[in-house]
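Take a look at the structure set out below.
Values in this document were obtained by computation on a predicted structure and should not be read as measured data.
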Amino acid sequence: MKGVFLQLLWLAQRYTHATNFECEIRKLALETAEALLGPSPRVYDALQLLDCDSVQRPTATSSTSTATAVTPDNDKDKDKDTIYVDCANGSDNNNGKDLAFPLKTIQAGIDKNPSGTVVLRAGTCHLDSTINLSSKNSGITITTLPGEEAILSGARILSNLDFEPSSFNPKILQAKTALTFRPTSLFLNRQRMVWARTPNGNPELDLQPENWAKCAGVDKTVYPPFPPGGEEGAEHFTWGGDQPRNNSVYPVWGEDLDPRGGGTWFHCGGSGMRFGDGCTHWNSTNPTGLTGSADVSGWSLAGARPAVAHVFQNGLWGSWQFQVANFNGSNVNGSIGFGLGGWQESRGGGISTQPYYVEGVFEELDEMGEWWFDQDNQILYVYPNSTEVDAEDEDEDEDEDEDYAASELATLIHIEGGENVTLDGLVFTQARSTFLEKHVVPSGGDWAYYRGGAVEIFGGTSGTTIRNSKFLRNGGNDLMIFGAVTKTVIEYNEFAWSGDSSILSVGDVQFGNADGSAAVPTNLQIRYNEFHDLGIYGKQSAAFFSALSCSTNFSDNVLYNGPRAGINLNDGFCGGHTVSRNVIFNFVRETQDHGPVNTWNRAMYENVDGSTEPAWTYITNNFIMNGPSGNRDLGNLFPCIDNDDGSAFFLIEGNVCVYGGGKNFLGNDKIWRNNLFAFPGRWSGDPCLQAWGGVNNLFTGNVCYQNGTSYPLGLDGSVRGKECVVDYDGGEGALEFVANTTNNTYWVAGGDEERMFSCGDGDGDGDRVFGLMEMQGAGFEVGTVVEDLESVGEEELVEGILEEAKELLSR
């Protein structure tokens, strides 16, 4: 049997060809996803099922509207006029009431029928300006005909381009344009081209460190941290008078137990000035330059004028973007000075050895698929996959696939005020990147965000529905929900290849006090959507980001392929969220110290109802897998659900967690119940549960299959995080902050009951190992059993795990 068990250690290793368990668990992920989406080659590919000989690739294209979507009931519009718009063939001189006589522009259709139905014909509408919908548009539906695809683009079409070989390289073509702005995104055949960069790469395909350069520190005498001064004039705001409210408060206790000490609720001025409202939760700095491995010796001032440096935060908690202000290539390692930027995440930091790349440099135009624009002379340079120039293609219609298009608009549709607006069956694409627009720190999580998106729903709006639509290759956020927005439904959509996050829901609450001025989103329904390949530029991004929001139901979605969290709940304000029956995998692919589902609660809030405790949030019956793709050599924990700093009032039940355990750092009132953990130690040796100090935290009824020599538990009774202490022999209160674990089942090597977890016992001699008997003698792990992994064969083990997983996912 020892030989059989050794064969199971593949669970802690990396193999080029997937093993039995890996294939079976990926097949289960595919089956669960396809129950929501229908047959999906994309999900198959993302799960790397090609490695599994017995799994055939689906032939149908996944669609969020084929499996479970309901055809909208248009009877409500039967007494309303319908206006038709054809952006390619229509005319705004037509009446628009007949298919044969459509209008040309969407705005003209809305003006003629402000609260009725506007039907867009197939083709691409390149918008000249943002479409604004207000209270006078209550009840409007913008849709398309069945079987047709109407595309709303934020890019300007570049027509009549007369390409010719450039004088410096005949493989690179150039053409005079009429562009008067400098784009940061160019599209050909609706696909992103690469803005000339170093190292060469493709942001849609690369996972760091692949095709990223490496920082080599910085000379702080040349590039001092931001701000070099000015902190004296900063203001510090706290909520609740003299009560401390810093970055890891237990909300119920009202006591500052953060191990780092110091801090305030909000810090305005000084280092906060890099953000849009001049404030931050973190009193921290940003770098103003770097030294790194990229060779900048051949750059010119004109060629690097539009350049942007994309730099990971030094803790790999996100990324920054900076305009390149200056450079020096005289050393082995090139130095780059930063201009505007650094506001894309809130924690700040410095330069060590983190990854970076620089794009927008003329002298780096050296690979097929790249482009660069000379704004002074209005000349577009491209390095095509073929240097042949077909004159017959030069005057093609805008809707043909041979056109170049440059992103111009950041927002395609803005909704503010009114009720019952419906967007149905549309494609939103090519909105410009927004990483160099000021970001805002909404609350005490690590994240900053840009307050905008390709589609925006802002305060005073109720009953908006977006369904059966696609958000594709937008340069920033796809959908921004901000302020007093209620009863929003987002269903049966696809969100893909976004520059930043897919959906954000953010309230406006001043310094933790939700008085009469607070404006927060409530009752948001996000269901039956597909999210994939997000965070192309911003590495602190998510499929769903929530801050200062109430009662979101995020259920029955499929989300995969992102650099950081799939779902991030940034604070403990209000609560009442539900995260249920989702399929989540391939997140935290480029960052560390995070989970596919991440939560924070670092400060107390007064909620809208005057209470200071949030409603319970429910995370139930989700399939969550760390992997199979991504950089898993970054160290630190890779939990499947990360209840980070001070998270409170969570019920986490019935989830299937693969290659990741549970994490609880400080906080209170969390219940982990009846979950299945399959080999959480695979990537970083994680336990089934890593729980630091807190109160009213319960881990019960869970089943965990642990691999290798990893401990099943990681417990800590310290609330300050400086040393691990669990003292079962101590006096009164010695176990006050240790999570209560009971009635669990652990499958471990050899059924070893003497290796439950390792921690200090307060005697100052370092860590020691605690066993099951000792824990049960102190009232912990009562009813718990430890099973022997070696007592079953591989096939029986895999079948048992799959049976348990399917039972949980069927609830």
Side-chain angles (χ1 to χ4, degrees), residues 124-130 151-159 161 175 177-198 200-206 305-310 319 321-324 340-341 344 357-362 364-365 367-375 378-385 398 401-412 427-437 450 452-455 470-478 495-502 533-539 541:
T124 302
C125 300
H126 291 276
L127 303 180
D128 294 326
S129 60
T130 299
I151 301 170
L152 282 69
S153 169
R156 183 182 297 186
I157 198 73
L158 306 183
S159 56
L161 295 178
T177 76
L179 279 181
T180 57
F181 66 95
R182 177 182 286 135
T184 57
S185 294
L186 186 73
F187 293 85
L188 175 61
N189 299 342
R190 301 182 189 172
Q191 303 298 309
R192 276 193 184 101
M193 297 188 70
V194 175
W195 198 14
R197 56 170 277 177
T198 182
N200 287 326
N202 187 328
E204 284 196 8
L205 303 176
D206 299 336
R305 186 182 304 161
V308 176
H310 295 254
S319 65
Q321 285 81 29
F322 297 95
Q323 289 181 337
V324 173
L340 294 176
Q344 298 85 1
Y357 72 88
V358 182
E359 64 176 351
V361 180
F362 176 69
E364 300 297 342
L365 181 58
E367 187 165 275
M368 289 183 179
E370 291 189 334
W371 67 279
W372 193 82
F373 179 64
D374 178 353
Q375 185 177 19
Q378 296 179 293
I379 295 176
L380 175 65
Y381 296 91
V382 299
Y383 195 147
N385 291 325
E398 287 185 2
D401 279 345
E402 296 301 321
D403 289 318
Y404 289 89
S407 291
E408 182 176 17
L409 294 181
T411 302
L412 310 182
V427 178
F428 305 98
T429 188
Q430 299 174 336
R432 68 171 170 81
S433 61
T434 53
F435 46 70
L436 288 181
E437 305 289 339
Y450 171 67
V455 175
K470 297 179 180 181
F471 292 75
L472 304 178
R473 292 187 168 87
N474 294 300
N477 303 315
D478 283 327
F495 297 82
W497 300 291
S498 61
D500 217 300
S501 292
S502 303
D533 300 284
L534 55 101
I536 301 302
Y537 303 121
K539 302 306 179 181
S541 50

Separation of Q323 CD from L340 CG (nearest 0.5 Å): 4.5 Å
Contact check, side chains of Y450 and D500, non-hydrogen atoms, under 4.5 Å: no
Euclidean distance, L534 CG relative to K539 NZ, rounded to 0.5 Å: 9.0 Å
F187 side chain near M193 side chain, heavy-atom distance below 4.5 Å: no
Nearest heavy-atom neighbours spanning H126 and T124: NE2-CG2, 3.4 Å
N477 side chain vs S501 backbone, donor-acceptor pair below 3.5 Å: yes
Contact check, side chains of E364 and V358, non-hydrogen atoms, under 4.5 Å: no
Distance (rounded to the nearest 0.5 Å) between T180 OG1 and Q375 CD: 8.0 Å
P203 side chain reached by Y357 side chain, heavy atoms, under 4.5 Å: yes
Which atom of T429 lies closest to which atom of L472, heavy atoms considered: OG1-O, 2.6 Å
Side chains of T184 and L436 in contact at under 4.5 Å (non-hydrogen atoms): no
Those residues that, when tested against T177, pass side-chain contact (heavy atoms from CB on, under 4.5 Å) (two or more places apart): L161, L179, F373, Q378, L380
Candidate pair R432 and E437, rule side chain to side chain contact (heavy atoms under 4.5 Å, CB included), full reasoning: CA-CA 11 Å; R432 68 171 170 81; E437 305 289 339; 3.1 Å; yes
Which atom of G201 lies closest to which atom of V194, heavy atoms considered: O-CG1, 3.5 Å
Minimum heavy-atom distance between A406 and F181, given as atom pair plus value: O-CZ, 4.0 Å
Rounded distance [0.5 Å steps], CD in E408 versus CD1 in I157: 12.5 Å
W372 versus G360, closest heavy-atom pair with distance: NE1-O, 3.1 Å
Main-chain N/O of F428 paired with N474 side-chain donor or acceptor, under 3.5 Å: yes
Contact summary for A405 and A155, nearest pair of heavy atoms: CB-CB, 3.7 Å
Test item: S319 and F435 side chains (from C-beta on) under 4.5 Å apart, heavy atoms: no
Mutual orientation of the aromatic rings belonging to Y537 and H310 [parallel < 30°, tilted 30-60°, perpendicular > 60°]: tilted
Interatomic distance, L412 atom CG to T130 atom OG1 [nearest 0.5 angstrom]: 7.0 Å
Spacing of D206 atom CG and N200 atom CG [to the nearest 0.5 Å]: 10.0 Å
Modelled atom types, side-chain donor and acceptor of R473 and Q191, under 3.5 Å: yes
Close side-chain approach of I151 to Q430, heavy-atom, < 4.5 Å: no
Heavy-atom side-chain contact between V324 and V361 under 4.5 Å: no
Criterion ring-ring contact (aromatic ring centres under 6.0 Å, His included) against Y381, the qualifying member of W371, F362, Y404: F362
